Amino acid sequence: DAIGYLLVRAFREQALKSLFAPLAGLLEANGLKLRDLKVVPETPGWALIQAARPDTLPAAFKSWPALLQRAVLDSRKALIDQHGSLAAATWGADNPTGMRHPLSAAVPALSGWLDQAGQGMAGDSHMPRVHNHGHGQSERMVVSPGHEEKGILVIPGGQSGHPLSPFYRGDHAAWLAAEPLPFLPGETRHRLV
């Protein structure tokens with residue numbers, strides 16, 4: 001439900017995009033894209049912004065504060081255009097989970113039985129709760145050797161891969177809510193023979 005996080009994240013992306021626009025243009029003229037470079041622009045980008053040297057300022061801007069102000073205004077406008085209002089521009093609205101079974105794309109009529117429930121998610125890249133626009137962890141497990149009874153394991157979906165099984169979605173609500181479930185198995189309640 002964080003609006004501020006999405007604003008800061010969108011500003012960051014827009015500032016780096018503006019900063020590297022001349023390089024991106026040069027690459028595109030040669031049939032490449034900025035993402036083709038095996039370099040993360042974050043570190044050099046913020047080093048350039050912090051140094052604020054006039055000779056490294058992209059020609060489209062008169063000053064470093066002007067670049068940053070334009071990044072704020074452009075990212076705010078993009079979020080309002082995408083979400084309808086700033087109040088609706090939450091990180092969860094921008095970062096929903098969408099766990100689709102491989103067959104539901106081929107047979108959309110089955111998606112209601114095959115796909116897991118979705119919702120806006122917390123987390124992002126490089127965070128303990130990784131989830132970023134369709135990329136996320138497949139399970140959450142924390143266990144210390146010798147203290148397995150205190151460990152947790154949470155998996156999306158459930159323990160069964162069969163959509164008609166009551167265990168197909170058994171753990172999914174806990175995974176969405178980041179609620180820990182015990183690592184060790186509980187008492188045996190069912191047995192498959």
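Just so it is clear, the structure is predicted and the values come from calculations on it, not from any experiment. The figures here come from the full heavy-atom set of this structure, side chains too, leaving out hydrogens, waters and symmetry mates. Positions are given from 1 along the sequence.
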Original post:
Which pair of non-hydrogen atoms, one from Leu6 and one from Ala89, has the smallest distance, and what is that distance?
Top reply: CD2-O, 3.4 Å
**OP:** Would you list the pairs meeting salt bridge (charged side-chain N to carboxylate O under 4.0 Å, His left out) in which at least one residue belongs to residues 53-63, sequence neighbours left out?
**Re:** Arg53-Asp55
**OP:** Look at the side-chain heavy atoms of Ile, Leu, Val, Met, Phe, Trp and Tyr, link any pair under 4.5 Å apart, and say whether Ile155 and Leu184 land in one connected group.
**Re:** yes
Subject >> Evaluation steps, side-chain contact (heavy atoms from CB on, under 4.5 Å), between Phe183 and Val142 >> reply: CA-CA 8 Å; Phe183 173 73; Val142 180; over 6 Å; no
Original post:
Looking only at atom types and distance, does a side-chain atom of Asn95 sit under 3.5 Å from a main-chain N or O of His131, one as donor and one as acceptor?
Top reply: yes
Original post:
Between atom OG of Ser18 and atom CG of Leu67, what is the distance when rounded to the nearest 0.5 Å?
Top reply: 5.0 Å
Original post:
Nearest heavy-atom pair of Thr97 and Met121: which atoms, and what distance?
Top reply: CB-CG, 3.6 Å
**OP:** Please check if Leu48 and Leu23 belong to a single hydrophobic cluster, counting links between Ile, Leu, Val, Met, Phe, Trp and Tyr side chain heavy atoms closer than 4.5 Å.
**Re:** yes
Original post:
At their closest point, which heavy atom of Asp124 faces which heavy atom of Arg9, and how far apart are they?
Top reply: OD2-NE, 2.6 Å
Subject >> 4.5 Å side-chain heavy-atom contact, Asp171 and Gln159 >> reply: yes
**OP:** Report yes if the side chains of Gln82 and Asp94 come closer than 4.5 Å at any heavy-atom pair, otherwise no.
**Re:** yes
Subject >> Test item: Glu148 side-chain N/O and Gly146 main-chain N/O as donor-acceptor pair under 3.5 Å >> reply: yes
Original post:
Would you call the rings of His101 and Tyr168 parallel, tilted or perpendicular, where under 30° means parallel and over 60° means perpendicular?
Top reply: tilted
**OP:** Might you point out which heavy atoms bring Ala10 and Leu79 nearest each other, and give the distance in Å?
**Re:** CB-CD1, 3.9 Å
Original post:
Distance only, no hydrogens: is a donor on one side chain within 3.5 Å (strictly under) of an acceptor on the other, for Trp46 and Glu42?
Top reply: yes
**OP:** State plainly whether one hydrophobic cluster holds both Met99 and Phe167, where clusters connect Ile, Leu, Val, Met, Phe, Trp and Tyr through side-chain heavy atoms under 4.5 angstrom apart.
**Re:** no
Original post:
Does the pair Leu114 and Arg100 meet the rule for a side-chain contact (heavy atoms from CB on, under 4.5 Å), with working shown?
Top reply: CA-CA 7 Å; Leu114 298 174; Arg100 298 192 64 201; over 6 Å; no
**OP:** Take Val72 and Leu68 through the test side-chain contact (heavy atoms from CB on, under 4.5 Å) and record every step on the way to the result.
**Re:** CA-CA 6 Å; Val72 167; Leu68 297 175; 5.8 Å; no
Original post:
Counting only heavy atoms not in Asp81, do more than 12 fall under 6.0 Å of its CG?
Top reply: yes
Subject >> Smallest separation among heavy atoms of Ala52 and Trp64, with atom names >> reply: C-NE1, 3.2 Å
Original post:
Which atom pair, heavy atoms only, marks the closest approach of Trp113 to Pro163?
Top reply: O-CB, 3.7 Å
**OP:** Quick one: list whatever passes ring-ring contact (aromatic ring centres under 6.0 Å, His included) with Trp91, sequence neighbours left out.
**Re:** Tyr5, His133
Original post:
Would Trp175 end up clustered with Leu153 when hydrophobic side chains under 4.5 Å apart are linked, directly or stepwise?
Top reply: no
**OP:** Examine Ile80 and Phe11 and state if one hydrophobic cluster contains both, with Ile, Leu, Val, Met, Phe, Trp and Tyr joined whenever side-chain heavy atoms are less than 4.5 Å apart.
**Re:** no
**OP:** Report yes if the side chains of Gln116 and Pro156 come closer than 4.5 Å at any heavy-atom pair, otherwise no.
**Re:** no
Original post:
Do the side chains of Leu19 and Pro58 get nearer than 4.5 Å, heavy atoms only?
Top reply: yes
Original post:
Checking Arg76 side chain against Leu7 main chain: does a donor-acceptor pair fall under 3.5 Å?
Top reply: no
